[in-house]
Amino acid sequence: MAGAISFELLQKDAGGKARRGRLTTPHGMIETPVFMPVGTAATVKAVKPEDVRELGAQIILANTYHLFLRPGHEVVRKAGGLHKFMNWSGPILTDSGGFQVFSLSSINNITEEGVMFASHIDGSRRLLSPEKSIEVQNALGADIIMAFDECVPYPAGREYAAASAARTTRWLARCKAAHLDTDRQALFGIMQGGMYGDLRAESAAQIAALDLPGYAIGGLSVGEPKDVMYGILDDCADLLPQEKPRYLMGVGSPDALFEAVARGVDMFDCVLPTREARHGRAATSLGSVNLRNAAYAEDFSALDPACDCYTCRHYSRSYLRHLIMSKEILGATLVSIHNLAFLCGLMAKMRAAIEEGAFEVLKREFFARYYDG
RNA sequence: GUGGGUAUAGUCAAGUGGUUAAGACACAUGGUUGUGGUCCAUGCAUGCGUGGGUUCGAGUCCCACUACCCACC
């Protein structure tokens, strides 16, 4: 079967697990490893789609949960799909709503059927199930859609993690059965299993057996210590199929991106760069900068001297701090542009380094400058 | 000019003679990982317009001064 997407493994890092790949989708190619900016409500907050493209983003993520509740997936369908609705012609991935049902809605009742929850917008009771999530994602029309899963919280007991992972796998089979238009949209399965290595292996084997076009690692970066996350990731490269893309959900701090790419992960998404930008924190080549700090009030230099993004080419730290402190909309826009450009640029550097067999060198140099400089 | 009122942190204020002067905003410093444009944590008045007085004890009562507000001339 042809399928909506194809993944080509171009190169593996000499001596390491880092991979250089290429994902072909109905809306264009994606060079991996890749960072996907998050556009929850069919918009990367504060940034116009053409600017998202210009800053180097190859694919964006949108949320089933949010669009299901508002404006409603039928509205998006009538608009001609998400790409047209939001004026983004590149690839899109939609999250299934599984995570948000647990993290955002208040009252929820989990059954084998699905999850009953109260909308965070108006409190109305809604049901999201594997079939419903696929129906909504079909209407949204993203290139890659995600399985409806339960993200096991941290910490979680072994028994709960095992039962939850097993249910997520059963839900995945239902998602696959409900998803018919496989030539237009690729369905990714999600590995769970909490922080238990053997449960992870079991989950990986079961979802791999369904022969899906890609696989995600879920349930990480949920509050566990970083070395625990890296420990789980150590095994993921061997647990998941080599020839399929691997997506680590919710990860986006620079150190975690390096560590995960080093362990063979290809795709990432995270709210961190845009959320932090709205609150005045920027990632730069020399480390993190909190623009709210009084020290930057009269700092007329560029946010990051080594960055050539629109924001760094035209504005000073002093001005950006003024915008953030005044809660001016432009502040969120400019810092978001920079933070996204920084992360997308970082991934581009990783791709080039893998091609040159210099990934470990880049990683070492980055850590020295970003965290110790 | 006459009468009345009000002065407490950068701002708005609580405070009715008795420990260490509420709270909010602002400000300062952290935090935020499949996004509720949020939310959270910590810090921030040796002092209550100024000067005197009463009292064991005064932001609180008394007197004078100063500033501002309102009304009348």
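Per chain, numbering begins at 1; letters A, B, ... match sequence-line order.
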For A:H66 and B:rG34, what is the distance between atoms NE2 and P respectively, to the nearest whole Å? 10 Å
How far, in whole Å, is B:rU50 from B:rU6 if one measures between their C1' atoms? 16 Å
For nucleotides B:rG10 and B:rC44, find the distance between their P atoms and express it as a whole number of Å. 15 Å
From B:rG36, B:rU29, B:rU38, pick the nucleotide closest to the side chain of A:H279? B:rU38
Output yes when at least one side-chain N/O atom of A:R321 is less than 4.0 Å from OP1 or OP2 of B:rC27, else no. no
What's the closest nucleotide to the A:K45 side chain, out of B:rG36, B:rU29, B:rG37? B:rG37
In this structure, OH of A:Y370 is separated from CG of A:L286 (nearest 0.5 Å) by 10.0 Å
Complement of B:rC65, any strand, by Watson-Crick or G-U distances under 3.5 angstrom: B:rG49
Return the value, rounded to whole Å, for the distance between atom CD of A:E276 and atom C1' of B:rG37. 15 Å
Rounded to whole angstrom, note down the C1' distance from B:rU46 over to B:rA41. 27 Å
Using a strict heavy-atom distance below 4.0 Å, which residues from residues 134-141 of chain A are in contact with RNA chain B? none
For the residue pair A:D149 and A:Q192, confirm or rule out a side-chain donor-acceptor distance under 3.5 Å. yes
Between B:rG59 and B:rA22, how far apart are the C1' atoms? Round to whole Å, please. 13 Å
Please report the distance separating the P of B:rU60 from the corresponding atom of B:rG47, rounded so that it comes out in whole Å. 15 Å
Please report the distance separating the C1' of B:rA58 from the corresponding atom of B:rU2, rounded so that it comes out in whole Å. 32 Å
To the nearest Å, how far apart are A:I190 CD1 and B:rG34 C1'? 8 Å
Rounded to the nearest angstrom, tell me the gap between atom CZ in A:R278 and atom P in B:rU33. 13 Å
When you measure from the centre of the six-membered ring of A:F117, is the NZ or CZ of A:R125 closer than 6.0 Å and no more than 45° off the axis? no
For B:rA9 versus B:rG15, give the span between their C1' atoms, rounded off to a whole number of Å. 15 Å
Is it the case that over 12 heavy atoms from other parts of the model lie below 6.0 angstrom from the NZ atom of A:K226? yes
Minimum-distance nucleotide (side-chain atoms of A:S96 versus B:rG37, B:rG34, B:rU33): B:rG34
What contact category does A:N63 fall into here, base, sugar-phosphate, or nothing, at under 4.0 angstrom with non-hydrogen atoms? sugar-phosphate
Taking the P atom of each, how far is B:rC12 from B:rA7, in whole Å? 12 Å
Would you call the rings of A:Y315 and A:Y319 parallel, tilted or perpendicular, taking 30° and 60° as the class edges? parallel
Rounded distance in Å - CD1 (A:I337) to C1' (B:rG37): 16 Å
Watson-Crick or G-U wobble partner of B:rA28, both distances under 3.5 Å: B:rU42
Look only at the side chain of A:H179 and the backbone of A:Q137, and say whether a donor-acceptor pair between them is shorter than 3.5 Å. no
Look at A:N293 and B:rU29 and indicate whether a side-chain polar atom (N or O) is within less than 4.0 Å of OP1 or OP2. yes
When both hydrogen-bonding distances must be under 3.5 Å and the geometry is Watson-Crick or G-U wobble, what is B:rU2 paired with, if anything? B:rA71
Assess whether a salt bridge exists between A:D198 and A:R158, defined as any Lys/Arg side-chain N lying under 4.0 Å from an Asp/Glu carboxylate O. yes
Nearest of B:rU33, B:rA26, B:rG34 to any side-chain atom of A:K226? B:rU33
Between the side-chain atoms of A:N290 and the base atoms of B:rG30, is any donor-acceptor pair under 3.5 Å? no
Any base atoms under 4.0 Å from A:G280, or only sugar-phosphate, or nothing? Heavy atoms, all strands. nothing
Between B:rA28, B:rU33, B:rG37, which nucleotide has the shortest distance from any of its atoms to the side chain of A:A332? B:rG37
Are A:N339 and A:S336 close enough that a side-chain donor and a side-chain acceptor fall under 3.5 Å? no
Integer-rounded Å distance: B:rG30 P and A:R281 CZ: 6 Å
In whole angstroms, how far is the P atom of B:rC39 from the CZ atom of A:R292? 13 Å
Return the pairing partner of B:rU8 with a 3.5 Å limit on both distances, Watson-Crick or G-U wobble; otherwise return none. B:rG15
Which label fits A:F342 and A:F366: parallel for a plane angle under 30°, tilted from 30 to 60°, or perpendicular past 60°? tilted
Looking for any heavy atom pair under 4.0 Å, which part of the strands does A:D95 touch: base, sugar-phosphate only, or nothing? base
How many whole angstroms separate atom OH of A:Y154 from atom C1' of B:rU32? 18 Å
